[in-house]
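Following: one structure in C-alpha cells, then a few remarks.
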Amino acid sequence: MLPKYTLFIYMNIKKLLSSLLLVAAMTIAPHRAAAQASYKAPQLNEKHMAALGLGKHKFQKRADGVWQADNGTTIYSSHPHADDIKGFAGPTPLFIAVGKNGKITAVAPAPNGETSDFWELVQKARLFNSWNGLTPAKAAAKKVDAVSGATFSSTAVINTVKATAKAIKK
C-alpha cells in the first residue's frame with residue numbers, strides 16, 4: 001500500500017507540469033505572432049540584382065513590388081501575391097526577373113527566416129533555376145518537385161513562384 005502523501009505529490013506534479021506548459025505557450029505565442037506581424041515586403045537592392053544576374057544594371061521602382069532594370073528586364077516581388085504562403089519558418093519571399101521577351105530570366109530569394117540547413121538544400125538543388133526560360137503563365141503551371149530533406153521550404157518556394165507568376169501581367 002502506498003503512503004497517503006503519494007497521491008498528493010502526484011496531483012501537485014501534474015498541476016506543476018500543466019502550469020509550466022501554459023507558461024511556455026504564453027511565452028512562445030507572442031514571439032511567433034510578433035515575428036509574423038513584423039513581416040515586411042522585400043525591397044530590391046544590389047545584392048538581389050546580382051542574384052538575378054543583373055548586378056551591373058541600374059533599376060528603378062515602377063510600382064509597389066515592381067522594378068525596371070536599365071536593360072529592359074522587369075523584376076517582380078512575390079509581395080503581396082504570396083505573403084500567405086509559408087515555408088518551414090514563415091514566408092519565403094522572392095524576386096522574379098522577366099526579360100523583354102516576356103520570359104523568366106531568373107528567380108532569386110529575398111531574406112527569409114528559413115533554417116540555413118534547409119535553405120542550403122534548396123539552393124544546392126538549383127530549385128530557383130526551374131522556371132528560367134518560361135513565360136510567367138507556363139511557370140505558374142509547371143510541375144516542380146519539392147527538394148528531399150527541405151520539403152516545407154522548397155514547397156513554399158514553388159508555391160510562391162506560382163502565385164507570383166500568376167499575378168504577372170505580360
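Side chains included, hydrogens not; waters and symmetry mates left out as well; all remaining heavy atoms used. We're numbering straight along the sequence, starting at 1.
- Hydrophobic cluster membership is shared by Ile104 and Ile158, with clusters built from Ile, Leu, Val, Met, Phe, Trp and Tyr side chains linked at under 4.5 angstrom.
- The shortest heavy-atom contact between Ala165 and Pro136 is CB-O, 3.3 Å.
- With a 4.5 Å cut-off on side-chain heavy atoms, Tyr76 and Leu44 do not count as touching.
- Without hydrogens or angle criteria, Asn112 side chain to Ala110 main chain gives a donor-acceptor distance under 3.5 Å.
- Taking every heavy atom of both residues into account, Trp67 and Lys61 meet most closely at CD1-CA, 3.5 Å.
- For the pair Ser154 (side chain) and Val147 (backbone), a donor-acceptor distance under 3.5 Å is present.
- Taking NZ from Lys58 and CE from Met49, the interatomic distance works out to 9.5 Å, rounded to the nearest 0.5 Å.
- Formation of a donor-acceptor pair under 3.5 Å by the Gln68 side chain with backbone atoms of Gly72 is found in this model.
- Note that CG of Leu134 is 11.5 Å distant from OG1 of Thr105, once rounded to the nearest 0.5 Å.
- Between Lys162 and Lys142, every side-chain heavy-atom pair lies at or beyond the 4.5 Å cut-off.
- In the hydrophobic clustering of this structure, Phe128 does not group with Ile75; members are Ile, Leu, Val, Met, Phe, Trp, Tyr whose side-chain heavy atoms approach within less than 4.5 Å, directly or through other members.
- Here the closest non-hydrogen pair linking Gly149 and Phe118 is O-CD2, 3.2 Å.
- His48 places a side-chain N or O within donor-acceptor distance of the main-chain N or O of Asn45, the cut-off being under 3.5 Å.
- Applying the 6.0 Å contact sphere to CG of Asp145 captures no more than 12 heavy atoms from other residues, nucleotides or ligands.
- Without hydrogens or angle criteria, Lys103 side chain to Lys100 main chain gives no donor-acceptor distance under 3.5 Å.
- Smallest separation of non-hydrogen atoms from Arg62 and Thr74: NH1-OG1, 3.5 Å.
- When hydrophobic clusters are built by joining Ile, Leu, Val, Met, Phe, Trp and Tyr residues whose side-chain heavy atoms come closer than 4.5 Å, directly or via intermediates, Phe152 is not grouped with Leu121.
- Ser130 places a side-chain N or O within donor-acceptor distance of the main-chain N or O of Leu127, the cut-off being under 3.5 Å.
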Are Thr73 and Asn71 close enough, and set up right, to give a side chain to side chain donor-acceptor pair (under 3.5 Å), and what steps lead you there? CA-CA 6 Å; Thr73 300; Asn71 70 345; 3.0 Å; yes

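- The shortest non-hydrogen separation linking Pro42 to Phe95 is CB-CZ, 3.7 Å.
- In the hydrophobic clustering of this structure, Ile85 does not group with Trp131; members are Ile, Leu, Val, Met, Phe, Trp, Tyr whose side-chain heavy atoms approach within less than 4.5 Å, directly or through other members.
- Closest approach of Gln123 and Pro109 over heavy atoms only: NE2-CG, 4.1 Å.
- If you chain together hydrophobic residues whose side chains sit under 4.5 Å apart, Val66 and Phe59 never meet in one group.
- With a 4.5 Å cut-off on side-chain heavy atoms, Glu120 and Lys124 count as touching.
- Distance CG/Leu52 to CD1/Ile96: 9.5 Å, rounded to 0.5 Å.
- Panel note: side chain Thr115, backbone Asp117; no donor-acceptor pair is recorded below 3.5 Å.
- Between the side chains of Thr160 and Thr92, at least one donor N or O sits under 3.5 Å from an acceptor N or O.
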Show, in sequence, the C-alpha distance, side-chain angles and deciding distance for Phe88 and Trp119, and conclude whether the ring pair (Phe, Tyr, Trp, His ring centres under 6.0 Å) test is met. CA-CA 10 Å; Phe88 185 76; Trp119 203 243; over 10 Å; no

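- To the nearest 0.5 Å, the span separating NE2 on His79 from CG on Leu94 amounts to 13.0 Å.
- Considering only heavy atoms from C-beta on, Lys86 comes within 4.5 Å of Pro91 through its side chain.
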